[in-house]
Participant: 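Pasting a structure here, questions to come.
In this chain, residues are counted from 1 in sequence order.
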Amino acid sequence: MKVTDEILNEWSFRCHDGIVDLNNPEKVKILFEILKEDIDDDILNALVNTDDDIKVKVLKYLSNVEKNTSGDLKSLLEKKLGDLYKPVLFETNQAGQEDELLEYLESSDQVTLENLIGKNGENLNTLLAKTNLDPDFIYTLTQISGNIGNVTVGRGEVALITLLKNAKKAGKGDIEIDNKSLEIKSRSKASGAILVPEGGSLTRGSSERINLLLADASNNLFQDKNISQNLIKYITTKGKAGGWVAKIGTIYNEYFKVGQTQPGVTFEEELNNIFKILYGEFAPNIKDYLNNDQFEIDQFKIDLAKNLAKAYFEQQKFDYLMFINPNLDYNIYEGKSFLEEIGNKIKVAGYSDSLPRLSI
């Protein structure tokens, strides 16, 4: 009974008015999302022992999901996906694709790692059309993302594990295929993936924290307090184009123009101190990006992104890295070859906080 109540309580909590209703399509959609997160025997047993009308209807739905699904299909999916098999099983049943998916997974003509690499630069839907499964069902699988149990997955990851030959969820990287590790970086919004080494002092922080550091540097640099106060006002104003990295350029332009600063204080030392706070052993040297009166912002962004991504690769040592965009177009790179494309095919964005975002 406790598990059943938990489902209904969670359903009620997620409904905007707190009222559950199986006749309301939007509220039923919320229920389905909850059920996808945890379909197991405890829930079924709890639902058997209640006469409540709503709970009986939920039991009937859940029983049909289990009853109509081949035991072989369930075991195949669980072997490939671990706990992630549950939302796939759910969507397969919803689409009426149980027999078709089982037939595909038992066939010799499956999409392979070589197919994936050979279609580099194309679209996941185009690649997976080779399965001959229903296109709407394939698209639904590619959209499974977010937190599923204790696992976080990106768009396209579950579909690839399900439909690629010899693919399974792995500890190292996101997918293991033929003893090769494949790391997937997908995005559904404007920002891209963060590729920085884990376990060190690097943190995202916030733009407000960085702005305060830049404001302190401006206050330390200039003898003329009118200059420093105007800069501080500019630095701490939200919504400035280019974010905090562009603000470095504004400070440097003023520093280069004025010439007269506080004795014993230099722009280079002030900024390098900030970089050490933000990036530790990966801190760039601001001198490498000063060209007469200009701070080379774009090159700074690209170089920093490359250095952090290189350290990430050296830590993770994946065999392939795959980027997926919101349209499900993808690029796949072997080993560290992706580093050469940062700033070219791989775009560098972000810097609303201290860490770059990479995407295609």
Participant: Quick check: are there more than 12 heavy atoms from other residues, nucleotides or ligands sitting under 6.0 Å from CD of E106?
Facilitator: yes

Participant: For E100, which residues count as a side chain to side chain contact (heavy atoms under 4.5 Å, CB included) partner, sequence neighbours excluded?
Facilitator: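 Partners of E100 under the side chain to side chain contact (heavy atoms under 4.5 Å, CB included) test: Q97, L133.
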
Participant: With rounding to the nearest 0.5 angstrom, report the OH to CG distance, Y255 to L231.
Facilitator: 13.5 Å

Participant: Does D174 reach the main-chain N or O of A170 with its side chain, forming a donor-acceptor pair under 3.5 Å?
Facilitator: no

Participant: Without swapping roles, check the side chain of W244 against the backbone of S352 for a donor-acceptor pair under 3.5 Å.
Facilitator: no

Participant: Is there a donor-acceptor pair under 3.5 Å between the side chain of K345 and the backbone N or O of I360?
Facilitator: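 Pair absent, no side-chain N/O of K345 close to backbone of I360.
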
Participant: Can you tell me how far the CG atom of L321 sits from the CD1 atom of I184, to the nearest 0.5 Å?
Facilitator: 9.5 Å

Participant: Could you tell me whether K80 atom NZ has more than 12 heavy atoms of other residues or ligands within 6.0 Å of it?
Facilitator: yes

Participant: What residues form a side-chain hydrogen bond (donor to acceptor under 3.5 Å, both in side chains) with K185, not counting sequence neighbours?
Facilitator: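 Once residues adjacent in sequence are excluded, the partners of K185 under the side-chain hydrogen bond (donor to acceptor under 3.5 Å, both in side chains) criterion are E183, Y312.
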
Participant: Would T131 and Q110 count as a side-chain contact (heavy atoms from CB on, under 4.5 Å) if you check the C-alpha gap in whole Å, the side-chain angles of each, and the deciding distance to 0.1 Å?
Facilitator: CA-CA 7 Å; T131 64; Q110 297 178 43; over 6 Å; no

Participant: So, the side chain of K310 versus the backbone of A305: is there a donor-acceptor pair under 3.5 Å, distance only?
Facilitator: no

Participant: Any donor-acceptor pair under 3.5 Å linking the side chain of K130 with the backbone of V111?
Facilitator: no

Participant: Please set out all donor-acceptor pairs under 3.5 angstrom arising from side-chain atoms of residues 208-222, sequence neighbours excluded.
Facilitator:
| unit_1 | atom_1 | unit_2 | atom_2 | d |
| --- | --- | --- | --- | --- |
| N211 | OD1 | K247 | NZ | 3.4 |
| N211 | ND2 | S207 | O | 3.2 |
| S218 | OG | L214 | O | 3.0 |
| N220 | ND2 | D216 | O | 3.2 |
| N220 | ND2 | E270 | OE1 | 3.3 |

Participant: Is a side-chain N or O of D319 found less than 3.5 angstrom from the main chain of S181, in a donor-acceptor match?
Facilitator: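 Yes.
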
Participant: Only pairs under 3.5 Å count here: list side-chain donor-acceptor contacts from residues 324-331, not counting sequence neighbours, and write none if there are none.
Facilitator:
| unit_1 | atom_1 | unit_2 | atom_2 | d |
| --- | --- | --- | --- | --- |
| N325 | OD1 | N327 | N | 2.9 |
| N325 | OD1 | L328 | N | 3.1 |
| N325 | OD1 | D329 | N | 3.0 |
| N325 | ND2 | D329 | OD2 | 3.3 |
| D329 | OD1 | N123 | ND2 | 3.1 |
| Y330 | OH | L116 | O | 2.7 |
| Y330 | OH | K119 | O | 3.1 |

Participant: Nearest 0.5 Å, please: how far is OG1 in T162 from CG in L76?
Facilitator: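 These two atoms lie 11.0 Å from each other.
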
Participant: Taking the side chain as C-beta and beyond, is there a heavy-atom pair between F282 and N307 under 4.5 Å?
Facilitator: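 A side-chain contact under 4.5 Å is absent here.
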
Participant: Looking at K287, I want to see if its NZ is surrounded by more than 12 non-hydrogen atoms of other residues, nucleotides or ligands under 6.0 Å.
Facilitator: no

Participant: With side chains defined as the heavy atoms from C-beta onward, is the minimum distance between I286 and I274 less than 4.5 Å?
Facilitator: no

Participant: In chain order, what residues pass the side-chain hydrogen bond (donor to acceptor under 3.5 Å, both in side chains) check against N226, with sequence neighbours excluded?
Facilitator: none

Participant: Starting at CG of N179, measure out to CD of E176 and round the result to the nearest 0.5 Å.
Facilitator: 5.5 Å

Participant: For T112 and N115, run side chain to side chain donor-acceptor pair (under 3.5 Å): C-alpha distance rounded to whole Å, both residues' side-chain angles, the deciding distance at 0.1 Å, then the answer.
Facilitator: CA-CA 5 Å; T112 65; N115 296 145; 3.1 Å; yes

Participant: Using modelled atom types and a 3.5 Å cut-off, is there a donor and acceptor pairing between side-chain atoms of K27 and backbone atoms of W11?
Facilitator: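 The answer is no, because no donor-acceptor pair under 3.5 Å joins these two groups.
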
Participant: Which pairs pass side-chain hydrogen bond (donor to acceptor under 3.5 Å, both in side chains) with one or both residues in residues 133-146, sequence neighbours excluded?
Facilitator: Q143-R155

Participant: Evaluate whether atom CG of N273 has more than 12 neighbouring non-hydrogen atoms of other residues, nucleotides or ligands under 6.0 angstrom away.
Facilitator: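 For N273, atom CG is crowded (more than 12 foreign heavy atoms under 6.0 Å).
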
Participant: How far apart are the closest heavy atoms of G335 and F338, and which atoms are they?
Facilitator: O-CD2, 3.5 Å

Participant: How close do V158 and L141 get, counting heavy atoms only, and between which atoms?
Facilitator: CB-O, 4.4 Å

Participant: Evaluate L77 against K86 for side-chain contact (heavy atoms from CB on, under 4.5 Å), listing each step before the verdict.
Facilitator: CA-CA 9 Å; L77 291 177; K86 295 176 182 179; over 6 Å; no

Participant: Could you list the residues that satisfy side-chain hydrogen bond (donor to acceptor under 3.5 Å, both in side chains) with E122, not counting sequence neighbours?
Facilitator: none

Participant: Mind checking what makes ring-ring contact (aromatic ring centres under 6.0 Å, His included) contact with Y234, not counting sequence neighbours?
Facilitator: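 Testing Y234 for ring-ring contact (aromatic ring centres under 6.0 Å, His included), a comparison that skips the adjacent residues, returns none.
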
Participant: Quick one: CD on E254 to CG on D224, what's the gap to the nearest 0.5 Å?
Facilitator: 9.0 Å

Participant: Side chains of D72 and S75: do they bring a donor and an acceptor to under 3.5 Å?
Facilitator: no

Participant: Give me the atom names and distance for the closest heavy-atom approach of L355 to D353.
Facilitator: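 Residues L355 and D353, closest heavy atoms: N-OD1, 2.9 Å.
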
Participant: Flag the pair E157 and K169 as a salt bridge only when some basic side-chain nitrogen lies within less than 4.0 angstrom of an acidic carboxylate oxygen.
Facilitator: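 So E157 pairs with K169 through a salt bridge.
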
Participant: Would you say I251 and I232 are hydrophobically clustered, going by side-chain heavy atoms of ILVMFWY under 4.5 Å?
Facilitator: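 Each belongs to a different hydrophobic cluster.
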
Participant: Could you give me the CA-CA distance, side-chain angles and deciding distance for Y104 and L163, then say whether side-chain contact (heavy atoms from CB on, under 4.5 Å) is met?
Facilitator: CA-CA 8 Å; Y104 169 76; L163 300 176; 3.8 Å; yes

Participant: Using every non-hydrogen atom in the two residues, find where G156 and L124 come nearest and quote the distance to one decimal.
Facilitator: CA-CD1, 4.0 Å

Participant: Within the structure provided, determine whether Y279 and P284 are in side-chain contact (heavy-atom separation under 4.5 Å).
Facilitator: yes

Participant: Any non-hydrogen side-chain atom of E98 less than 4.5 Å from a side-chain atom of L102?
Facilitator: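 The answer is no, as the side chains (C-beta and beyond) never meet within the 4.5 Å cut-off.
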
Participant: Side chains of K180 and L113: closer than 4.5 Å at any heavy-atom pair?
Facilitator: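 Yes, their side chains come closer than 4.5 Å.
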
Participant: Run the side-chain hydrogen bond (donor to acceptor under 3.5 Å, both in side chains) test against N285 and tell me which residues pass, sequence neighbours left out.
Facilitator: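 Testing N285 for side-chain hydrogen bond (donor to acceptor under 3.5 Å, both in side chains), a comparison that skips the adjacent residues, returns N272.
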
Participant: Does the side chain of F256 reach to within under 4.5 Å of the side chain of F267, using non-hydrogen atoms?
Facilitator: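 No, their side chains stay 4.5 Å or more apart.
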
Participant: For F300, what residues pass the ring-ring contact (aromatic ring centres under 6.0 Å, His included) criterion, not counting sequence neighbours?
Facilitator: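 Here the qualifying residues are F275, Y289, F295.
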
Participant: Name all pairs fulfilling the salt bridge (Lys or Arg N to Asp or Glu O under 4.0 Å) condition that reach into residues 289-304, sequence neighbours left out, sorted by first residue then second.
Facilitator: none

Participant: Looking at side-chain heavy atoms only, is the closest gap between N125 and L128 below 4.5 Å?
Facilitator: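 No, side chains not in contact.
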
Participant: Please list, chain by chain and in numerical order, all residues satisfying ring-ring contact (aromatic ring centres under 6.0 Å, His included) with Y320, sequence neighbours excluded.
Facilitator: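 With neighbours one apart ignored, the set is empty.
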
Participant: Hey, could you give me the CZ/NE2 distance between R14 and H16, rounded to the nearest 0.5 Å?
Facilitator: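 Output value for this atom pair is 16.0 Å.
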
Participant: Using the side-chain contact (heavy atoms from CB on, under 4.5 Å) rule, take L195 and L308 through it: C-alpha gap first, then chi angles, then the decisive distance, then the call.
Facilitator: CA-CA 7 Å; L195 268 68; L308 295 176; over 6 Å; no

Participant: Has the side chain of Q315 got a donor or acceptor atom that lies under 3.5 Å from a matching backbone atom of E198?
Facilitator: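 The answer is yes, because a donor-acceptor pair under 3.5 Å joins these two groups.
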
Participant: If you define the side chain from C-beta out and look only at heavy atoms, does anything of S228 sit under 4.5 Å from Q223?
Facilitator: no

